[in-house]
Amino acid sequence: MPTTTKMGIVYPSSTDLVKDGATAMGTISTTVDSKTGLVLLNTTSFSAVSSQSVNSVFTANFKNYRLVVNATSSQTSSQVFGLKMRASGTDTSTGYYNIDVYTGSATGPSRSYEANVARFGFGNAGNKKMSGAADLFSPQEAAITGLNSLSFEASNSDFYSDFIIGYLDNTTSYDGFTIYVVSGTITGTISTYGYNA
Amino acid sequence: MAKKEEPIFIGIDNERIELTGADKEAFLEQRIKDQETIEASKAQQETQKELKISAYKKLGLTDEEINAII
């Protein structure tokens with residue numbers, strides 16, 4: 001049977017026996033399942049809410065995940081776009097450590113350090129745009145959860161880029177997360193991907 | 001910060017839910033706590049910044065040099 005160039009998947013040719021083709025179909029399925037690098041697990045849309053929770057998205061199938069957000073907030077100046085880890089429907093609101101390197105259109109770069117705060121910093125939210133991606137490391141394992149986030153925010157008042165690293169200082173196994181703002185509401189989408197390993 | 005009389009909606013998976021009663025109270029309390037945490041963190045950063053400026057001035061740096069470093 002021939003083999004594909006990039007993933008090395010064995011597939012049946014037109015002259016192979018049907019019974020061998022069925023076996024090959026099974027092999028194709030498991031090979032694609034294990035070799036696809038980034039797997040889309042969930043996309044959630046939200047509209048005019050203070051917070052959006054996504055449950056049951058972190059499983060033992062993947063060690064590391066990527067969250068991609070495309071949103072706006074109702075506020076005309078920037079505010080923190082927060083991310084909390086969630087286990088069985090309950091958010092964790094303590095134990096987060098963040099280092100934030102950020103720059104605005106007129107100021108910066110600057111840095112800030114937050115110790116034992118209520119959430120990860122995903123970035124900032126604004127009424128024009130908040131877009132970014134955050135990698136979460138080992139959220140589902142009984143281990144410290146780590147975060148790398150790169151995002152930007154634009155509002156009537158400002159325009160920021162944000163690079164945040166952080167960790168949550170506990171060994172809780174999480175199966176979901178909540179994104180939120182403290183003032184006003186957010187509207188947009190957030191997609192969760194698993195990194196295949 | 002959301003006020004008690006304004007409706008508050010949260011999303012859980014594909015549902016958009018309006019919080020009422022005790023749930024709304026608890027949500028607002030948590031938001032206030034989160035905001036206090038943010039403010040405390042900002043205050044701590046400002047204190048650190050002031051200490052750095054004070055230290056650099058003692059070392060004889062000009063305001064321009066300090067602004068370039070901070």
Take A/Phe81 and A/Phe122 through the ring pair (Phe, Tyr, Trp, His ring centres under 6.0 Å) test and state the conclusion after the steps. CA-CA 6 Å; A/Phe81 189 77; A/Phe122 199 137; 5.6 Å; yes
To the nearest 0.5 Å, how far apart are CZ in A/Arg111 and NZ in B/Lys49? 12.0 Å
Would you give the length of the straight line joining atom CZ of B/Arg16 to atom OG of A/Ser47, rounded to the nearest 0.5 angstrom? 5.5 Å
Measure the acute angle between the ring planes of A/Tyr97 and A/Tyr167, then classify it against the limits of 30° and 60° as parallel, tilted or perpendicular. parallel
For A/Val57, is it the side chain, the backbone, both or neither that has a heavy atom under 4.5 Å from a heavy atom of chain B? neither
Quick one: which of B/Ile12, B/Asn14, B/Thr37, B/Leu19 has the most heavy-atom pairs under 4.5 Å with chain A, could you say? B/Ile12
Side chain, backbone, both or neither of B/Glu36 within contact of chain A (heavy atoms, under 4.5 Å): neither
